[in-house]
Participant: 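Have a look at the structure that comes next, please.
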Amino acid sequence: MAMTPAATYRLQLRPDFTLDDAADLVPYLSRLGISHVYLSPCLQASPGSTHGYDVVDPSRVNAELGGEPARQRLCQALEAHGMGQILDIVPNHMAVAGDQNPWWWDVLENGPASRYAPYFDVDWEASEERWPNKVLLPVLGDHYGRILENGELEVRFREGHFTLHYHEHSFPLDPWSLAGILGGAHQDSGSELLGFLAESCARLPRPGSATGGQRERRHRDKAVIHQLLAGACRDEPDARAAILARVDRINQDPDALDALIEHQNYRLAWWRTADRDLGYRRFFDIKDLAGLRVEDQEVFEAIHQLPLRWYQEGSVQGLRIDHPDGLRDPAQYFQRLARACPGAWVVAEKILEPGEQLPEDWPIAGTTGYDFLNRVQGLFVDPEGEGPLTALWEDLTGESACFDDQVYQAKRQVLQDLLGSELNRLTSLFVSICEGQRRHRDYTRHQLQQVLLEAASCFPVYRSYLRAGEPVHPTDRAHIHQALSRVKARRPDLDPELLEFLEALLTLAREGHRETELALRFQQLTGPAMAKGVEDTVFYRYHRLIALNEVGGDPGQFGLSPEDFHGACTEAHRRHPQAMLSTSTHDTKRSEDVRARLCLLSQVPEAWTEAVRGFWAHNARHRSPEGPDPAMEYLYYQALVGVWPGVADDEAVEALLPRLQGFMEKAAREAKVHTSWTRNNPEYERAVQHFVEATLGDDTFLQQLQAFAALLIEPGRVNSLAQTLIKLTAPGVPDIYQGTELWDLSLVDPDNRRPVDFAERQTWLEVCEAGPTPERILEDMEAGLPKLWVIHRTLALRALYPHWFDERAGYRPLQARGSRQDHVVAYQRGPDPTGSDQAEGVVVIVPRLGLDLGVEWSDTRLTLPPGDWHHWFTGENLEGGEHLMADLLGRFPVALLASAPPPAPGQNRDSS
């Protein structure tokens, strides 16, 4: 039975944390108050996958996670505790490296004649004349001819099957191409069966012309050939020996081997060709993840067969959809999904730019919560710090603080360097369109590519959502017009008439198959350009305040007022009251607790400036001419302050070294300034690694760092408690990322996917269940007990009174009064409290921008609605009316007031 979760808990499955490990945690998560376990992808992925997004076979559960038996055990554990399951699924792409993916292997063996060829977004017709009807495979470490002549390519024959090998890579051979090998082996051995098989291979329909009945005949005959060949090798030793001898002769003759490879349905190439010539759509710039045509009903059913079956049988209640912006038609996809699993709770990993809304025709509960993450974080950023932090950034680096310019330049670089294949495919289509237009046929290919490049670089959101045969939505039309207007402003050298023609194409104002295809494919280009250009490039270059450099965030927007926050929550409650609310995920650049601490820098910009200048001067001795550059060094100081432990003993500092070195290597490569993933600069990277090691071994620097970080640690924890309580009570479904129920000072993956000490968390939960005083809870602030206490108590309240928090509940801002009123965020949830004051429901009260507050609330007061209120964190009882903030937050940093008292210690939620 479908039901909306009350709270989800994200678990990252991997070979060393399996479905059985997840099952073992179910009793703990139930006690914590979680209603649904939220799993990372669990279908068969590439061997050793630590994330599961590289699915190779959607028809089975990942064997390294325990397979279907382990999944069944998890389902039984969840059912025994009255809990449900949310599953993360990947409809946009599959992993295609090696022989693990049976669909892709069949495509390589049979080319366009493969029954799976329509599954993948391969542009067979647009392949170069040099390799018609072939898939380009950019896997070689050098040019093809050099690799071939060096003897690094090898044909192998085993158990009736021929394969081509390049180090760890293997590829199938088209059976048609085997006629020569088998014919020669027939002559050498006299085996009549080999002669028959050679003739049978030669008669196979060629992949490019095999359609309909011929395709089926090819597959039928191919299977029989393999079966008979295996039998011949088993029963005729001379035949097998002759085949192996022929294979050995081919491997010794580069010309013969080259001739055989030329007859395959793929073209092996140097890995760098992927940036320009790849003939299939990738996931971003990852050549081993090939795009799927999930818009085809058959492909949809094949990809979703297990998740849909699990939903229908009741073991899965909801789905998290990965990267829907990569799909050709997301609306069609979600509508089809809604028909296939009616009532399911579905959320989409959709990144919304500031002011952007989910498309209205997506029948889903909402996003996975990045919009909420950035909204709630904005409460703890002081706008007054923008000027000083901007001045510091510009002074240290000599770079402009104009974020929009950096975004434009980075997207342009990514489109040219990483997404060149996709841009070239789109350019070829644009050229073919213009060839049929007398006013546009004289534009050169370079001019057409430049216009597409600029339009994608200037696109203001991830993508538009045009649908063939349907009117263009005004929002999409506005985004396209805005992009082309930006192009005109930035590139006055481009022909305005060409820009107008492109705008007409992108808004479906020109009829024709190719014209429509251009608009639809353009939509699948702008998303990767935004993701790779902004999240994976600019966020590692622009470090004015790195807490703002978060997925879905806008580092150019400095802070959010309580009034704007309340307005956004009210709108979210109206549009998507069941959306997921996240503050940490497997993809966040920094954990929620790191960002909560770093936001404080906006409140003390002068002290931070003084500290950084001291770091800068002292650490000049560790800096070398090779690096780090100023921007990277400033990033390092912020990251270091963000993850600095509360107890910074030698062991804790030593543990930071590999984490910071890993983070800085990733940051430097993502920035793509001095080094990158594809063009490593070893000298620069060694200099950065040395700088990290030297500074973490410098006692004087560590003393300076400790002195400054000590000012932020406790206020940062209060920020974290505040944003946690808001997440647990704002309109939506709160999600807790694994391990973050205690303090979690993590950086970007893989740092945020380190093993979690669940035994420690279960021990601390026992303390919470014993009904301690707030003073007892605060004694173990260092361990993170207050955060666990807030989560445990709030989820218990949600379980007792779900109608106070779900889509039926209202949201009503409460305004404090007094000299510190801007430092308070308060609101009421309950049975639609918007109409009048009423005593049913909850009141949430948290501080903000409190670094300089201490306990000095002065005259600031908050008026509670009439009635009796019970403080769920302290046990105090209060009456409606005016209360001093110093009293409301006197015993615990945040307040959750309910119109019903908490249950007695030890009383479970079911018996309450």
Participant: Provide the closest heavy-atom pair for L39 versus A22 in the form atom of the first, atom of the second, distance.
Facilitator: CD2-CB, 4.5 Å
Participant: Verify the distance criterion only: is there a donor paired with an acceptor across the side chains of R686 and N681 at less than 3.5 Å?
Facilitator: no
Participant: State, without any angle test, whether K672 and T537 hold a side-chain donor-acceptor pair at a distance under 3.5 Å.
Facilitator: yes
Participant: Using side-chain contact (heavy atoms from CB on, under 4.5 Å) as the criterion, list what pairs up with A671, not counting sequence neighbours.
Facilitator: Y540, R541, M632, V673
Participant: Measure the shortest side-chain to side-chain distance between H51 and S40 over non-hydrogen atoms and say whether it is less than 4.5 angstrom.
Facilitator: no
Participant: Determine whether I364 and V347 satisfy the following criterion, side chain to side chain contact (heavy atoms under 4.5 Å, CB included), listing intermediate values before the conclusion.
Facilitator: CA-CA 6 Å; I364 62 175; V347 291; over 6 Å; no
Participant: Can you find a heavy atom in the side chain of Y737 that is under 4.5 Å from one in the side chain of E592?
Facilitator: no
Participant: Please find the pair of heavy atoms, one from P330 and one from P324, that lie closest to each other, and give the distance.
Facilitator: CG-O, 3.4 Å
Participant: Fit a plane to each ring of H169 and Y166, take the angle between them on a 0 to 90° scale, and name the class: parallel (under 30°), tilted (30 to 60°) or perpendicular (over 60°).
Facilitator: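 Parallel, since the angle between the ring planes stays under 30°.
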Participant: Are the aromatic ring centres of F284 and H323 under 6.0 angstrom apart?
Facilitator: yes
Participant: D288: what forms a side chain to side chain donor-acceptor pair (under 3.5 Å) with it, not counting sequence neighbours?
Facilitator: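 If we apply the side chain to side chain donor-acceptor pair (under 3.5 Å) test to D288, skipping adjacent residues, there are no hits.
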Participant: Let me confirm one number: the CG-OG distance from L373 to S584, rounded to the nearest 0.5 Å.
Facilitator: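 Going from the CG atom of L373 to the OG atom of S584 covers 7.5 Å.
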Participant: Who are the side-chain contact (heavy atoms from CB on, under 4.5 Å) partners of D322, not counting sequence neighbours?
Facilitator: Y53, D88, V90, H93, R320, E349
Participant: Centroid-to-centroid, Y280 to W104, below 6.0 Å?
Facilitator: yes
Participant: Taking atom types as modelled, is there a side-chain donor on Q738 or R10 under 3.5 Å from an acceptor on the other?
Facilitator: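 No.
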Participant: Under 4.0 Å between a side-chain nitrogen and a carboxylate oxygen: does that hold for R521 and D123?
Facilitator: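 Judged by the 4.0 Å cut-off on N to carboxylate O distance, R521 and D123 do form a salt bridge.
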Participant: Taking atom CG of L337 and atom CD of Q332, what is their separation to the nearest 0.5 Å?
Facilitator: 11.5 Å
Participant: If a pair satisfies ring pair (Phe, Tyr, Trp, His ring centres under 6.0 Å) and one of its residues is in residues 287-308, list it, with sequence neighbours excluded.
Facilitator: F300-H304, F300-Y333, H304-Y333
Participant: With sequence neighbours left out, which residue pairs that include part of residues 138-162 fulfil the ring pair (Phe, Tyr, Trp, His ring centres under 6.0 Å) condition?
Facilitator: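 Residue pairs with at least one partner in residues 138-162: H143-W270, F157-F162, H161-H226.
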Participant: With sequence neighbours left out, what residues match E665 under side-chain contact (heavy atoms from CB on, under 4.5 Å)?
Facilitator: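 So E665 forms a side-chain contact (heavy atoms from CB on, under 4.5 Å) with R669, E685, Q689.
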Participant: Not counting sequence neighbours, which residues clear salt bridge (Lys or Arg N to Asp or Glu O under 4.0 Å) with K411? List them please.
Facilitator: none
Participant: With side chain to side chain contact (heavy atoms under 4.5 Å, CB included) as the criterion, how do N92 and R281 come out once you've worked through the C-alpha distance, each side chain's angles and the decisive distance to 0.1 Å?
Facilitator: CA-CA 10 Å; N92 176 64; R281 179 172 59 85; 3.0 Å; yes
Participant: Going by distance alone, is a donor N or O of one side chain under 3.5 Å from an acceptor N or O of the other, for S177 and D174?
Facilitator: no
Participant: Given side chain to side chain contact (heavy atoms under 4.5 Å, CB included), test N265 with V135 step by step and report yes or no.
Facilitator: CA-CA 6 Å; N265 301 302; V135 178; over 6 Å; no
Participant: Once salt bridge (charged side-chain N to carboxylate O under 4.0 Å, His left out) is applied, what residue pairs with a partner in residues 97-111 remain, sequence neighbours excluded?
Facilitator: E109-K222
Participant: Using side-chain heavy atoms (C-beta onward) and a distance below 4.5 Å, is N110 in contact with H219?
Facilitator: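 Touching, per the 4.5 Å side-chain cut-off.
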Participant: Tell me if the centroids of the rings in Y38 and Y9 come within less than 6.0 Å of each other.
Facilitator: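 No, too far apart.
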Participant: Could you tell me if the side chain of C341 sits less than 4.5 Å from the side chain of L319, heavy atoms only?
Facilitator: yes
Participant: As an exercise, state the distance from CG of L136 to NZ of K287, rounded to the nearest 0.5 Å.
Facilitator: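 L136 atom CG to K287 atom NZ measures 11.0 Å (nearest 0.5 Å).
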Participant: Would you call the rings of H263 and W176 parallel, tilted or perpendicular if under 30° counts as parallel and over 60° as perpendicular?
Facilitator: perpendicular
Participant: Nearest 0.5 Å, please: how far is CZ in F171 from CD in Q264?
Facilitator: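 Between Q264 CD and F171 CZ, I get 11.0 Å after rounding to 0.5 Å.
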Participant: With sequence neighbours excluded, give me every salt bridge (charged side-chain N to carboxylate O under 4.0 Å, His left out) pair touching residues 298-319.
Facilitator: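 Listed by first then second residue: R71-E313.
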Participant: Can you tell me how far apart CD1 (I261) and CG (L148) are? Round to the nearest 0.5 Å.
Facilitator: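 So the gap between those two atoms works out to 5.5 Å.
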Participant: Hey, are R336 and E295 close enough for a salt bridge, meaning a charged N less than 4.0 Å from a carboxylate O?
Facilitator: no
Participant: Just by distance, no angles: are the side chains of S59 and D57 close enough, under 3.5 Å, to form a donor-acceptor pair?
Facilitator: yes
Participant: Can you name the residues that form a side chain to side chain donor-acceptor pair (under 3.5 Å) with D296, not counting sequence neighbours?
Facilitator: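 None.
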Participant: Please enumerate all residues that pass side-chain contact (heavy atoms from CB on, under 4.5 Å) together with Q523, with sequence neighbours excluded.
Facilitator: R463, S464, L466, L520
Participant: Only distances under 3.5 Å count here; give the side-chain donor-acceptor pairs of residues 751-759 to other protein atoms, sequence neighbours excluded, each with its distance to 0.1 Å.
Facilitator:
from: D751; atom 1: OD1; to: R659; atom 2: NE; distance (Å): 2.7
from: D751; atom 1: OD1; to: R754; atom 2: NE; distance (Å): 3.3
from: D751; atom 1: OD2; to: R659; atom 2: NE; distance (Å): 3.4
from: D751; atom 1: OD2; to: R659; atom 2: NH2; distance (Å): 2.9
from: D751; atom 1: OD2; to: L747; atom 2: N; distance (Å): 2.8
from: N752; atom 1: ND2; to: T585; atom 2: O; distance (Å): 3.4
from: N752; atom 1: ND2; to: H586; atom 2: O; distance (Å): 3.3
from: R753; atom 1: NE; to: H586; atom 2: O; distance (Å): 3.4
from: R753; atom 1: NH2; to: H586; atom 2: O; distance (Å): 3.1
from: R753; atom 1: NH2; to: D587; atom 2: OD1; distance (Å): 3.4
from: R754; atom 1: NE; to: D751; atom 2: O; distance (Å): 2.7
from: R754; atom 1: NH2; to: S746; atom 2: OG; distance (Å): 2.7
from: D757; atom 1: OD1; to: A759; atom 2: N; distance (Å): 3.3
from: D757; atom 1: OD1; to: E760; atom 2: N; distance (Å): 3.0

Participant: Can a donor-acceptor pair be found between the side chains of E152 and H167 at a distance below 3.5 Å?
Facilitator: yes
Participant: Nearest 0.5 Å, what's the CD1-CG distance between I34 and L25?
Facilitator: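 Reported to 0.5 Å precision, the distance equals 11.5 Å.
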Participant: Any salt bridge between R156 and E154, counting N to O under 4.0 Å?
Facilitator: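 Between E154 and R156 there is a salt bridge, with a charged N closer than 4.0 Å to a carboxylate O.
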Participant: If you count every heavy atom of other residues, nucleotides or ligands that lies below 6.0 Å from E79 atom CD, does the total exceed 12?
Facilitator: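 Atom CD in E79 is not packed in, count stays at 12 or less.
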Participant: Show, in sequence, the C-alpha distance, side-chain angles and deciding distance for K666 and D749, and conclude whether the salt bridge (charged side-chain N to carboxylate O under 4.0 Å, His left out) test is met.
Facilitator: CA-CA 9 Å; K666 177 169 184 171; D749 69 282; 3.2 Å; yes
Participant: Given side chain to side chain contact (heavy atoms under 4.5 Å, CB included), test Y370 with T588 step by step and report yes or no.
Facilitator: CA-CA 9 Å; Y370 289 113; T588 44; 4.0 Å; yes
Participant: Do the non-hydrogen side-chain atoms of N549 and K589 ever get within less than 4.5 Å of each other?
Facilitator: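 No, side chains not in contact.
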Participant: Can you find a heavy atom in the side chain of L292 that is under 4.5 Å from one in the side chain of F120?
Facilitator: yes
Participant: Would you say that L19 contacts V61 through its side chain, given a criterion of any heavy-atom pair below 4.5 Å between the two side chains?
Facilitator: yes
Participant: Measuring only between side-chain heavy atoms, which start at C-beta, is T163 closer than 4.5 Å to W105?
Facilitator: yes
